[in-house]
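Accompanying notes for the structure given below.
What's counted below: heavy atoms across the whole structure, side chains too, no hydrogens, waters or symmetry copies.
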Protein chains: 2
Amino acid sequence: MTGSSGNASGSPAPRKRADARRNEKTLLEAAAAAFVASGVDAPVRDIASKAGVGVGTIYRHFPTRADLVVAVYRHQVEACAEAGPHLLANSPSPYTALTRWVDLFVDFLVTKHGLAEALRSDDPTFSTLHAYFLDRLVPVCAGLLKAAAEAGEIRSDIAALELMFGVGNLCIGADEPRYDARRMVELLLTGLRLP
Amino acid sequence: MTGSSGNASGSPAPRKRADARRNEKTLLEAAAAAFVASGVDAPVRDIASKAGVGVGTIYRHFPTRADLVVAVYRHQVEACAEAGPHLLANSPSPYTALTRWVDLFVDFLVTKHGLAEALRSDDPTFSTLHAYFLDRLVPVCAGLLKAAAEAGEIRSDIAALELMFGVGNLCIGADEPRYDARRMVELLLTGLRLP
DNA sequence: TGCCAATCGGAACCAGGTTCCGTATATTTC
DNA sequence: GAAATATACGGAACCTGGTTCCGATTGGCA
C-alpha cells in the first residue's frame, strides 16, 4: 500500500513527469500480458513493442528484470504473506494452517510460467526477485512452522528457508502433464509430520 | 559395454577416421573438465578451445549439447541404473532399497553443477538429455517403487516418473549453503510411507 | 512563449549459440 | 609412392536476445 511514489522520510519526493507515470503503467500491463503469454522471461523487445515504447524506457523504469517481475506480482505476494497469520488464527491446527498456506504459495507459483525456475536461477538478473520473495515470505513460513512444531505436529529441524526452497523447486515444470507439483508438495509436507 | 563403435545389426559400421576418433576423445575430456569447472552449460567456444579444436568440430561430433552431456555422463547413469536391481536384492526391505537408490541418484545430480536444472529445462537443446535419463532410470525406479508398494511399505499412487521429477527438482540449487537437497528428498520419501 | 531538466527511442554493442564452406588430411586406389 | 576421393577440420559469419548510450523530444514552470 505504499503510495504510488510516496517515500515517508522527508525526501524530495519529486513527482515523476506525467508521461513517465503513464509509460510505467502501460509497461506493467504489457509485461503482465507477456508473462502470461510467454513466461517471465519474455524477450525485453517484445514487452517494449507490446507497450509501444523503446527498450530504453523499460530499463529506465525497471533496471533489472527482477524489478519488473516484482512490480507485476507484488500484490499477489503481499496477499500471500498476509494470509499466513490469518490462516494460523482460523485453522483447526497449526499444521493445517501450514498446509493451506503452502497450497496458496504453490497455486501462485504454478500459474506463473517460469517464475519458479527464475526464483532458483543463480542468474544475477534475478537476485533481487529472489531476495524479495525470501524477505517477504520466509518470516511468514517460519511463523507457521514454529507454531506447528510447538504443537508437536511436525519435526522441528527444518528451517523455513529450506522448506520454501524445496517447495519452490517442486513447482518447477508444473506444466508438464505427467507431473503434479501439488501432489509432490503434499508428500513433502506429509514427510514433515511427526508420527 | 557396446563396443567403441559396434552396431549389432549388419549395418555398414564405417570406421571413423583416426583424427575424428582422437578429436572425439579429446572433446569428451575437455567437456568433462569444463562441466566440472563451469557447469553443464559451459560456453561451446570454451570447450572447443580447451580441446584445441574449432566449434564446428564439436557440432559435428555432438549435434546438441544434450549429446555431449549424455556422452560425458553415460557411464555414471548406467551404473545408477544397474544398481537398482542389485539394491533390491541386497537390502533388508524394498523401501530401504528405494531410499538407497534415490540417494545414489541424488549424489549423482548434486555433484554435477547445473545438471538438475538442465534436466528440467524445457529448452529443446536438452530434450534428448531428458529422454535419455528418463528412458534409462524410470523403469528402474518403477521396479523399486512397485516392490515397496507390494510389500505394503509405501502408498501406491505415485508414478515413478513423477517421483523422479520431484527428486530431480529438489536437487536444483544444491550448491546453495542454506539448502540441503538430500534432506528435502528424505522428507519426500518419508511422505511416501504408509503409516 | 521560451527554457531546462526529465524522459524517450532505438541504434549500437556484446555474448553465446549455430551454420556453412573453403581448406586440410586420412584412406583407398592404381 | 602418387593421385583420387571421401572425411573431417576450423573459424568467420550470422542470429537472437540482453544492455548501454546519446541525440531528439517533451512536460512543467517562469
Quick check: is A:Ile172 connected to B:Tyr179 through a chain of hydrophobic side chains (ILVMFWY, heavy atoms under 4.5 Å apart)?
no
Measure from the side-chain heavy atoms of [X] and tell me the nearest of [options].
{"X": "A:Arg45", "options": "C:dA12, D:dG10, D:dC9", "value": "C:dA12"}
{"X": "A:Asp19", "options": "C:dC8, C:dT18, D:dA8", "value": "C:dC8"}
{"X": "A:Arg21", "options": "C:dC8, D:dG28, D:dT19", "value": "D:dG28"}

Distance check needed: [N] [atom2] versus [X] [atom1], whole Å only.
{"X": "B:Lys50", "N": "C:dG16", "atom1": "NZ", "atom2": "P", "result": "14 Å"}
{"X": "B:Arg60", "N": "C:dT18", "atom1": "CZ", "atom2": "C1'", "result": "13 Å"}
{"X": "B:Arg15", "N": "C:dA26", "atom1": "CZ", "atom2": "C1'", "result": "12 Å"}
{"X": "A:Asp123", "N": "D:dG18", "atom1": "CG", "atom2": "C1'", "result": "10 Å"}
{"X": "A:Phe62", "N": "C:dC8", "atom1": "CZ", "atom2": "C1'", "result": "15 Å"}
{"X": "A:Ile58", "N": "D:dG17", "atom1": "CD1", "atom2": "P", "result": "14 Å"}
{"X": "A:Asp41", "N": "D:dT16", "atom1": "CG", "atom2": "P", "result": "17 Å"}
{"X": "B:Tyr59", "N": "D:dA12", "atom1": "OH", "atom2": "P", "result": "16 Å"}

Could I get the full list of side-chain contact (heavy atoms from CB on, under 4.5 Å) partners for B:Phe62, not counting sequence neighbours?
B:Glu24, B:Leu27, B:Leu28, B:Asp67, B:Leu68, B:Ala71
5'-most contact on DNA chain C: A:Val53 or B:Val44, nearest heavy atom basis?
A:Val53
[N] OP1/OP2 closer than 4.0 Å to side-chain N/O of [X]:
{"X": "B:Asn23", "N": "D:dA8", "answer": "no"}
{"X": "A:Arg17", "N": "C:dA5", "answer": "no"}
{"X": "B:His61", "N": "D:dA8", "answer": "no"}

Toward the 5' end of DNA chain D, which comes first, B:Lys16 or B:Val55, by nearest nucleotide?
B:Lys16
CZ (B:Arg178) and CD (A:Glu162) are apart, to the nearest 0.5 Å, by 10.5 Å
Quick check against the 3.5 Å criterion: does A:Ser93 have a side-chain atom that pairs as donor or acceptor with the backbone of A:Thr96?
yes
Is A:Glu186 paired with A:Arg182 through a side-chain N to carboxylate O contact shorter than 4.0 Å?
no
Would you mind classifying the nucleic acid contact of B:Arg65 as base, sugar-phosphate or nothing, using non-hydrogen atoms under 4.0 angstrom?
sugar-phosphate
